[in-house]
Amino acid sequence: MHHGTTITQFIAEEQRHAPGATGEFTALLNDIVTACKMISNQVNHGALVGALGSAGSENIQGETQKKLDVLSNQMFIQCTEWSGHVGAMASEEMDEIYEIPKEYPRGKYLLTFDPLDGSSNIDVNVSVGTIFSILRMADTDGDATERDFLKAGTEQVAAGYALYGPSTMMVLTTGNGVNGFTLDQNIGEFILTHPNMTIPTETAEFAINASNGRFWEAPVKRYVDECLAGKEGPRGKDFNMRWIASMVAEVHRILTRGGVFMYPVDAKMVEKGLGGKLRLLYEANPMSFVVEQAGGASITGKERIMEMQPEGLHQRVPVILGSRDEVERLQGYHNEG
Ligand code: AMP
Ligand code: P6P
């Protein structure tokens with residue numbers, strides 16, 4: 001019985017469209033797939049293996065690390081550091097870049113990742129995910145430094161996420177569209193179930209943490225108020241609202257049925273000197289690559305996220321992404337001020 005195209009087969013076939021490819025990139029993608037399977041297994045067994053709760057530490061963002069944050073970070077490193085395809089890594093859970101141990105060969109790719117995004121949902125059994133991005137090192141002589149990571153999102157060679165939800169899925173782009181795969185637990189392999197994912201340009205669904213409403217800038221407040229006004233208001237239609245507090249789940253919903261996700265900069269963040277809530281290198285850029293490749297758009301309110309020049313490993317930025325028509329409307333409101 002044919003079980004459909006596996007992610008291993010899909011990645012191998014994609015390599016054929018890359019003349020001269022050595023297979024390093026293919027191998028690295030497969031290592032990332034293995035890491036996501038391992039993390040999925042840990043997440044699925046949660047309480048049964050004592051993996052829930054706090055790790056008793058904080059990350060550089062001052063956020064309490066969950067045991068699964070730390071475990072997922074270790075698994076991602078364990079599955080990729082040995083391969084000889086990676087020059088260095090950067091993660092939400094590590095203050096500095098992770099240099100490949102001397103016993104392993106170094107490669108030409110840089111990995112950035114959020115090993116378990118939305119982990120505040122873990123203890124309440126709500127979907128979480130892993131976000132990853134691959135950059136190419138400009139200069140492979142010598143050791144990688146933080147500066148090697150400070151590349152615009154347009155320089156990503158791949159990005160994607162794993163979603164640990166009712167089913168475990170992986171969504172991947174290497175710049176040639178977006179494809180979704182579902183983990184078949186019986187054979188331990190991801191199967192192509194969502195080929196060529198495309199975001200509907202129109203939507204009637206928005207996602208924002210409304211508890212921050214009193215801090216929003218005028219363009220965001222105008223957009224949300226108009227959605228809430230419904231068919232009697234200027235939009236002439238009713239809207240639905242969602243907020244899962246797990247970016248991976250929000251983005252996946254948008255890829256599947258459209259919508260707009262907003263985590264804008266607000267007065268509270270500005271007061272703290274923060275550029276936003278979400279991190280550019282391992283949340284905003286990879287998700288923007290996926291969203292744009294699926295026909296959507298992703299902006300800060302001032303510019304296209306993927307054109308930003310990163311200034312730091314853990315730089316935070318505003319994020320407005322999703323159905324192109326809605327993101328363009330929000331960009332228009334920001335341009336009007
Ligand atoms: P490599 O020689 O294996 O490092 O591949 C060189 C480049 O070809 C990569 O950086 C990608 O841009 C592209 N490439 C190689 N293999 C694949 C693949 N399996 N899927 C998509 N792009 C690939
Ligand atoms: P809030 C999770 O911590 C995260 O980085 C994103 O996954 C999510 O969209 C956002 O923060 C949730 O933030 O303020 O609603 O808890």
Side-chain angles (χ1 to χ4, degrees), residues 3-12 14 25-46 49 51 66-83 85-86 89-94 98 109-119 121-122 126-135 156-174 178-194 197 246-252 255-256 281-283 285-287 289-290 293:
H3 45 57
T5 302
T6 66
I7 197 167
T8 307
Q9 177 185 346
F10 181 90
I11 291 169
E14 283 293 292
F25 188 81
T26 291
L28 177 54
L29 288 176
N30 283 311
D31 293 341
I32 291 170
V33 169
T34 301
C36 293
K37 288 181 190 174
M38 287 176 75
I39 295 169
S40 172
N41 181 54
Q42 276 294 329
V43 167
N44 291 160
H45 288 83
V49 295
K66 300 286 188 181
K67 286 177 190 168
L68 275 172
D69 281 323
V70 177
L71 273 173
S72 303
N73 194 66
Q74 290 166 347
M75 288 177 199
F76 211 95
I77 291 170
Q78 173 193 339
C79 290
T80 51
E81 65 176 344
W82 56 272
S83 65
H85 308 316
V86 182
M89 308 185 209
S91 156
E92 173 173 311
E93 304 308 330
M94 300 187 289
Y98 179 83
Y109 292 111
L110 299 172
L111 281 185
T112 71
F113 56 97
D114 182 357
L116 203 62
D117 183 70
S119 57
N121 285 317
I122 274 284
V126 169
S127 298
V128 292
T130 297
I131 307 172
F132 60 88
S133 170
I134 303 177
L135 295 162
Q156 294 173 98
V157 288
Y161 58 82
L163 174 59
Y164 313 116
S167 61
T168 288
M169 285 193 68
M170 280 199 80
V171 170
L172 171 68
T173 185
T174 58
V178 178
N179 291 281
F181 306 81
T182 303
L183 182 61
D184 181 337
Q185 307 276 2
N186 297 322
I187 61 171
E189 178 63 299
F190 284 97
I191 305 298
L192 179 63
T193 50
H194 297 66
M197 297 184 83
S246 180
M247 186 185 195
V248 175
E250 315 270 11
V251 169
H252 191 72
L255 275 172
T256 308
L281 286 189
Y282 41 79
E283 290 174 318
N285 265 342
M287 287 311 208
F289 192 14
V290 170
Q293 281 290 309

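D117 contributes a side-chain N or O that, together with a main-chain N or O of M247, makes up a donor-acceptor pair within less than 3.5 Å. Looking at Q156, its side chain does come within 3.5 Å of a backbone N or O of N285 through a donor-acceptor pair. For the pair T182 (side chain) and M169 (backbone), a donor-acceptor distance under 3.5 Å is absent.
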How far apart are the C-alpha atoms of N179 and L192, what are their side-chain angles, what is the distance that settles it, and do they pass the side chain to side chain contact (heavy atoms under 4.5 Å, CB included) test? CA-CA 7 Å; N179 291 281; L192 179 63; 4.0 Å; yes
Mind running side chain to side chain contact (heavy atoms under 4.5 Å, CB included) on M197 and H252 for me, showing each step along the way? CA-CA 10 Å; M197 297 184 83; H252 191 72; 4.0 Å; yes
Evaluate side chain to side chain contact (heavy atoms under 4.5 Å, CB included) for T130 paired with D114, printing each intermediate quantity in order. CA-CA 6 Å; T130 297; D114 182 357; over 6 Å; no
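Side-chain polar atoms of D69 and S119 form a donor-acceptor pair below 3.5 angstrom. For the residue pair S72/Q42, the side-chain donor-acceptor check at 3.5 Å is not satisfied.
In this structure the side chain of S127 never reaches within 4.5 angstrom of the side chain of V248, judged on heavy atoms. Residues N41 and N44 fail the side-chain proximity criterion, which asks for heavy atoms closer than 4.5 Å. Under the 4.5 Å side-chain criterion, counting only non-hydrogen atoms from C-beta, I39 is in contact with L116. Taking the side chain as every heavy atom from C-beta outward, L111 and I134 approach each other to under 4.5 Å. Considering only heavy atoms from C-beta on, I191 comes within 4.5 Å of T6 through its side chain. For the pair E189 and F181, the minimum side-chain heavy-atom distance is 4.5 Å or more. Within the 4.5 Å cutoff, the side chain of M94 has heavy atoms near those of the I77 side chain.
Atom CG of residue L183 and atom CE of residue M170 lie 10.0 Å apart, to the nearest 0.5 angstrom. Atom CZ in F10 sits 7.0 Å away from atom CG in L172 (nearest 0.5 Å). A distance of 11.5 Å separates CG in D31 from CD in Q78, rounded to the nearest 0.5 Å. To the nearest 0.5 Å, atom OG of residue S246 and atom CG of residue N121 are 5.5 Å apart. Separation of atoms CD (Q74) and CG (L68) is listed at 10.5 Å; rounding is to 0.5 Å. The distance from the CD atom of Q293 to the OG1 atom of T174 is 8.0 Å, given to the nearest 0.5 Å.
Considering all non-hydrogen atoms of both residues, Y161 and F132 come closest at N-CE2, 3.6 Å. Smallest separation of non-hydrogen atoms from P115 and E93: CG-CG, 3.6 Å. When all heavy atoms of I131 and P286 are compared, the closest pair comes out as CG2-CG, 3.5 Å. When all heavy atoms of S40 and T168 are compared, the closest pair comes out as OG-OG1, 2.9 Å. Residues W82 and C79 approach most closely at NE1-O, 3.0 Å, considering heavy atoms. For the residue pair S133 and L281, the shortest heavy atom distance occurs at CB-O, 4.3 Å.
Under the side-chain contact (heavy atoms from CB on, under 4.5 Å) rule, T26 has a single partner from L28, L29, N30, which is N30.
Using the six-membered ring where Trp is involved, F113 and F76 have ring planes that are parallel, under 30° apart on the 30 and 60° scheme.
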